[in-house]
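Written below as structure tokens is the structure these notes are about.
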Amino acid sequence: MSKNLELAKIFYRWADILDLKGDNPFHIRAYRQAAKVLEDLKEDIEDVIKNNKKLPGIGASLRKKIIEYLETGKIKDFEKLKEEFPPSLFELFEIPGLGPKTIKLLYERLNIKSIDDLEQAIKEGKLLRLPSFGLKKVEKIKKGLEIYKISRDKIPLGFALQIANFIIGSLKRNLKDVITNISYAGSTRRMKETVGDIDILVTVKNKKFVDKVNEEFKNLEIVKEVLWEGPTRTSILTKDGVQVDLRIIEKKSWGAALQYFTGSKAHNIALRKICLEKGYKLNEYGLYKDDKVVASENEEEIYLTLGLYPPPPELRENLGELTEAKKIFEKYIQPILNKEKLSLLDAYKLLKESIKSDENLRKKISFENLVTLKDIKGDLHVHSKYSDGANTLEEILKAALDFGYEYIGIADHSKSLKVANGLSEEEVKKRNYEIDKINEKIGKKVLLKVMEVDILPDGSLDYDEDILKDLDIVIAAIHSRFNQDNTERLLRAIENKYVNIIAHPSGRIINQRPSYDVDWDKVFKAASENNVALEINAYFNRLDLNDTLAYKAYKEYNCKFAINTDSHFIDQFWMVILGVGQARRAWLPKESIITTYNLPELLKWAQLKR
DNA sequence: GCCGTTTTCGGCCCGACTGTTTTCAGTCG
């Protein structure tokens with residue numbers, strides 16, 4: 001774990017402890033805010049301290065504590081404070097509906113120190129003896145415990161999108177004449193790699209349809225249990241244990257609600273601060289000036305009214321997007337307004353129109369130049385039946401063309417990866433021959449000869465030159481022996497003159513396996529210098545590189561990236577949207593992604609090294 | 001504990017909902 005995350009964890013825990021002690025709420029919030037800043041920080045905290053850089057929300061006092069941690073490995077005050085409560089008590093903070101005040105009460109009055117203790121106490125009916133406790137409150141805690149147990153891990157984004165799209169699709173289809181707007185919001189809309197629960201917002205033609213929508217939602221086949229039912233919000237638990245909230249919004253508040261429920265929380269807090277400075281008030285119903293609504297139905301209009309260019313949802317983490325939004329507004333929207341008498345929204349639409357036909361203009365506006373799904377020309381990492389994929393070359397070819405791709409890289413495993421049916425040299429040659437034949441038959445090069453070649457423990461590759469030289473693209477990857485010096489392995493692979501892409505560079509698997517230790521600065525620097533692209537593996541439980549590392553690789557080292565799905569079935573191509581989402585979260589422009597190149601550009605790029 | 005183009009003190013985002021102590025504290029998003 002990086003020092004950033006270690007410190008974030010300490011400050012979160014510190015805040016919990018202060019909460020239990022009943023400290024000043026603003027004092028507590030300062031710790032949580034600092035923890036969040038550290039958690040989201042895209043550079044190493046060691047470097048920030050070394051270079052005397054300031055961080056928002058971290059002042060002299062917390063800075064001193066951070067330095068103490070970096071130098072000694074612990075913080076004295078924290079070590080002392082920690083001893084006041086048993087560690088298992090902090091599990092209780094994970095239970096929805098239980099907050100610090102209740103946990104404190106449970107601990108002090110009933111000596112409840114853990115989730116097990118809590119369950120026992122409920123069974124024995126002890127909770128009812130507490131002041132301010134009734135039957136309903138106990139029921140609520142029981143339910144919270146249930147939810148905690150089912151969904152302890154956050155769900156991967158790909159899974160959340162499938163559920164959200166299924167629900168939206170079903171409601172739209174079945175309530176065609178009732179629903180006017182419907183969208184998911186929250187971290188799903190921000191394309192965060194994992195999602196806690198899913199938020200869906202909907203507007204109806206007429207208030208009288210509200211019950212109909214709720215009824216339809218509750219009776220979807222994926223629903224296991226209705227958790228909560230109300231006129232504006234209904235929550236369900238799916239059979240897979242995912243909580244989905246459906247909120248019915250008034251049409252006139254659609255934009256404000258979408259903005260509000262998309263978040264992130266940090267983004268919204270920062271945005272409200274801007275409102276205050278400018279004399280506005282913002283909530284989920286609208287943007288107000290002197291108690292009069294000035295924008296509410298359209299999300300973009302809310303940002304524009306505040307002098308901000310609407311930031312893409314993927315960037316809304318309060319990591320600089322609001323400063324950038326202001327810059328873009330002043331440079332590109334304000335001049336239009338000065339010149340022509342247009343509403344904010346019309347000026348914005350006019351600019352959007354110009355961007356469509358003017359690639360140079362798009363390049364200048366960072367929010368518009370982020371890679372989009374439309375920019376992607378192909379996928380370079382797809383497994384065929386030759387190794388551990390499910391489909392033949394012909395099936396993959398057809399699927400790729402149907403998907404609108406210009407090219408598709410057949411990337412089978414190499415000989416060492418026996419569990420995945422890695423190909424011997426002879427098999428590679430046979431496969432390549434078949435690829436050539438298929439391309440000849442259709443009269444154009446669509447299938448590319450790629451291999452996902454194992455990086456052996458000493459950093460050498462699994463095939464010799466005579467195989468590598470015949471491939472269009474060479475992908476190198478670590479698949480085993482994770483306990484080696486993986487920085488050295490990656491560096492050697494990057495320096496190999498045939499290697500074009502490093503697949504899933506960090507090796508992490510969401511909810512299963514953390515990244516191995518790598519000196520990213522060295523790897524990114526080498527990749528940039530050797531013209532090797534880093535993969536943004538879009539497979540739903542990899543998303544590797546993740547947003548934070550990709551941001552660093554681009555910003556500090558100007559690296560190139562390949563968004564690949566690592567598909568093993570042709571119906572997994574859709575996962576490319578997850579990769580695009582992570583790339584956008586990393587602020588990656590179109591030109592940094594090699595899978596946006598057309599085929600001649602791509603092949604030329606791949607040959608640069610050789 | 002942080003922060004500052006009114007401020008080095010006195011603010012700190014805001015509203016909804018719940019359950020219960022019936023006027024408000026606790027929790028959530």
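Chain letters run A, B, ... following the sequence lines, proteins first and then strands; every chain starts at 1.
- The ring pair (Phe, Tyr, Trp, His ring centres under 6.0 Å) pairs that include a residue from residues 233-269 of chain A are A:H267-A:Y303, where partners are two or more places apart or lie in different chains.
- Residues forming a salt bridge (Lys or Arg N to Asp or Glu O under 4.0 Å) with A:E368 (at least two apart in sequence, or on another chain): A:K352.
- Annotation: proximity of residues 67-96 of chain A to DNA chain B (heavy atom, distance under 4.0 Å) is found for A:I95, A:P96, numbered in ascending order.
- A:D547 places no side-chain N or O within 3.5 Å of a backbone atom of A:K192 that could act as its donor or acceptor partner.
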Pairs under 3.5 angstrom only: tabulate donor-acceptor contacts from the side chains of residues 193-201 of chain A to other protein residues two or more places apart or in another chain.
residue : atom : partner : partner atom : Å
A:E193  : OE1  : A:R508  : NH2          : 2.7
A:E193  : OE2  : A:R508  : NH1          : 3.1

Atom pairs and distances, side-chain donor-acceptor, residues 106-114 of chain A, under 3.5 Å, sequence neighbours left out:
residue : atom : partner : partner atom : Å
A:S114  : OG   : A:D116  : N            : 3.4
A:S114  : OG   : A:D117  : N            : 3.2

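- For A:I509, the side-chain contact (heavy atoms from CB on, under 4.5 Å) partners are A:Q512, A:R513, A:N541, A:R542, not counting sequence neighbours.
- The side chain of A:K54 has B:dC3 as its nearest neighbour among B:dC3, B:dT27, B:dG19.
- A:D47 is linked by a salt bridge (Lys or Arg N to Asp or Glu O under 4.0 Å) to A:K50, counting only residues two or more places apart in sequence or in another chain.
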Could you list all N or O pairs between the protein and nucleotides 23-25 of chain B that sit under 3.5 Å apart?
none

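- Residue A:K64 is out of contact with every strand shown, counting any heavy-atom pair closer than 4.0 Å.
- The ring pair (Phe, Tyr, Trp, His ring centres under 6.0 Å) pairs that include a residue from residues 170-215 of chain A number zero, where partners must be two or more places apart or lie in different chains.
- Residues satisfying the ring pair (Phe, Tyr, Trp, His ring centres under 6.0 Å) criterion with A:Y288, sequence neighbours excluded, are absent altogether.
- Residues forming a ring pair (Phe, Tyr, Trp, His ring centres under 6.0 Å) with A:Y348 (at least two apart in sequence, or on another chain): A:Y309.
- Of the candidate nucleotides B:dG19, B:dG29, B:dG1, B:dG1 has the atom nearest to the side chain of A:S61.
- Remark: B:dG26 base-pairs with B:dC17; criterion is Watson-Crick or G-U wobble with both hydrogen-bond distances under 3.5 Å.
- When heavy atoms are screened at a 4.0 angstrom cut-off, A:I141 is found touching no nucleic acid atom at all.
- Relative to the six-membered ring of A:F133, A:K137 meets both conditions, a distance below 6.0 Å and an angle of at most 45° to the axis.
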I'd like a table of atom pairs between the protein and nucleotides 4-12 of chain B - only N or O on both sides, under 3.5 Å - with the distance next to each one.
residue : atom : partner : partner atom : Å
B:dC12  : O3'  : A:R29   : NH2          : 3.3

